[in-house]
Amino acid sequence: MVGSGGREHALAIGLSESTSVSVVHCCPGNAGTSMVGINHDVSASDIDAIVSLSLELGVGLVVVGPEAPLVSGLADQLRAQSIPCFGPHSEGAMLEGSKLNAKKVMQSIGVPTGGFEIVKEQSMIEPTLDSFEPPWVVKRDVLAGGKGVTVTSSRSEASKSVREAIDEDGFALVEQFLSGEEASVLVIMDESGYIMLPPSQDHKRASDGDEGPNTGGMGAYAPAPIATPTVLTRVREEIVEPMHHFLRNETIPYRGCLYVGLMIDSNGSPSVVEFNVRLGDPEAQVTIPLIESDLGLLLLASASGEISEMEVEFRPMNSTTVVLASEGYPGEVFTGRKISGWDVQIEEGQVSGFVHLAGANFDSDGLLLSSGGRVLSATGLAPTLEEALEAAYQIIDGIALEGSHYRSDIGFRALSR
Ligand code: GLY
């Protein structure tokens, strides 16, 4: 398992609970993965070292958490050594690595998404912005962990963002703003078929009420009721089927997760906001606990082109996760601070609660210290969303980390439906 965030802790838990998996090795992992697997001091960006370690250990499957190693060709290198890899090859990973590439693919096969313009000349900035209604959406065509996107109603800020992108990258993308409610659908895919996991909803803004700066995600829940059965049928027919048809016919088939970031408008019409080529974080933390079937077999099937032979069972439960972030996040953060109260679990009938660790590591005395922006998330699993939220908040309320913050309104859209 490659990566070191909360998503990777969720993957490592799911894999370690799979009867098909004997041991989980993590590169580099975090404090959470060290409790369910073996961490190795190998960076997720060191492709040669990951391939060498995989050969040395004789692993049966490599599961890649983040997108950057995929864009850099980790899956290509592993497959060249006949090591099954859950995660697409570098060309497939360009669905996330280049927003322009994703837009062109969608345009060519008629997948619904917002209109866009490429701006290369400074003289075209104002005419292009004139042709879109505010708020303006300006994107850099780089892998920037969500940081290359500006959504603003300020014309001067929009102009500045376009100008900076042209200076940095030679061009900017200006996109139509899509209104509605967002949802994420993770699709486990290979050339033989695909499986749509239960829909989830992230909370990308730092503060309650969707205020404040954009983050990697401050909490999530699944299933997201905005994605009704009717909406999901449209997502399947209008987005997933054409994308699967396109990807299965590429020279090298796409094996891994296609993360479909959706905007669902007030008529229930879905459009693609973005594709990612991996599980979402924190969507993975709420989606993986809903998978009843053996996760190792599911991911191996996708890595081997045999997903059409898989039957996957889901738990008829609700899950939620609430992220605890370091002081300063999503800006410059304070790290190295002691975390207490994190090792609490709830088991009450069908309700359970536990912690996914992310930017956190043990020191030599076994104390848990913060080491990143998103430090951990408290996850609840229960028959209802309300009970799942209660479990997650009960846990997070008891955790102490100086200067940390979390949102107190995770799930508010679902609760107000
Ligand atoms: N939660 C958003 C993402 O994983 O990209």
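Fair warning: this is a prediction, and the values are worked out from it, not measured in the lab. Whatever order the structure lists them in is the order used to number ligands and atoms, beginning at 1.
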Going by the order shown, which atoms of ligand 1 are within less than 4.0 Å of some heavy atom of Asp281? 1 (N), 2 (C), 4 (O)
Does an N or O anywhere in Gly217 fall below 3.5 Å from an N or O of ligand 1? no
Among the heavy atoms of Ala220, does any lie under 4.0 Å from an atom of ligand 1? no
Euclidean distance, Leu357 CG relative to Glu8 CD, rounded to 0.5 Å: 12.5 Å
Where the closest heavy atom to atom 3 (C) of ligand 1 is concerned, which of Gln201, Lys204, Arg278 has it? Arg278
Heavy-atom contacts with Gly280 under 4.0 Å: which atoms of ligand 1 show up? List them by number with element. 4 (O)
For Asp202, atoms of ligand 1 separated by under 4.0 Å from a heavy atom: 1 (N), 2 (C)
Does Arg278 qualify as a cation-pi partner of Tyr259, given the criterion of NZ or CZ under 6.0 Å from the six-membered ring centre and within 45 degrees of its axis? yes
Counting neighbours of CG on Asp167 that are heavy atoms of other residues, nucleotides or ligands and sit closer than 6.0 Å, is the number greater than 12? yes
Could you list the atoms of ligand 1 found under 4.0 angstrom from a heavy atom of Gly216? 1 (N), 2 (C)
Side-chain ion pair, Lys204 and Glu182, N-O less than 4.0 Å: yes
Ligand-residue contact atoms, ligand 1 with Asn276, heavy atoms, under 4.0 Å: 5 (O)
Note: Arg337-Glu327 ion pair, threshold 4.0 Å (strictly below): yes
What is the minimum heavy-atom distance between Gly280 and Leu186, and which atoms define it? N-CD2, 3.9 Å
Does atom CD (Glu390) have a neighbourhood of more than 12 heavy atoms from anything else shown, all under 6.0 Å? no
Could an N or O of ligand 1 be found under 3.5 Å from any N or O of Glu283, whether backbone or side chain? yes
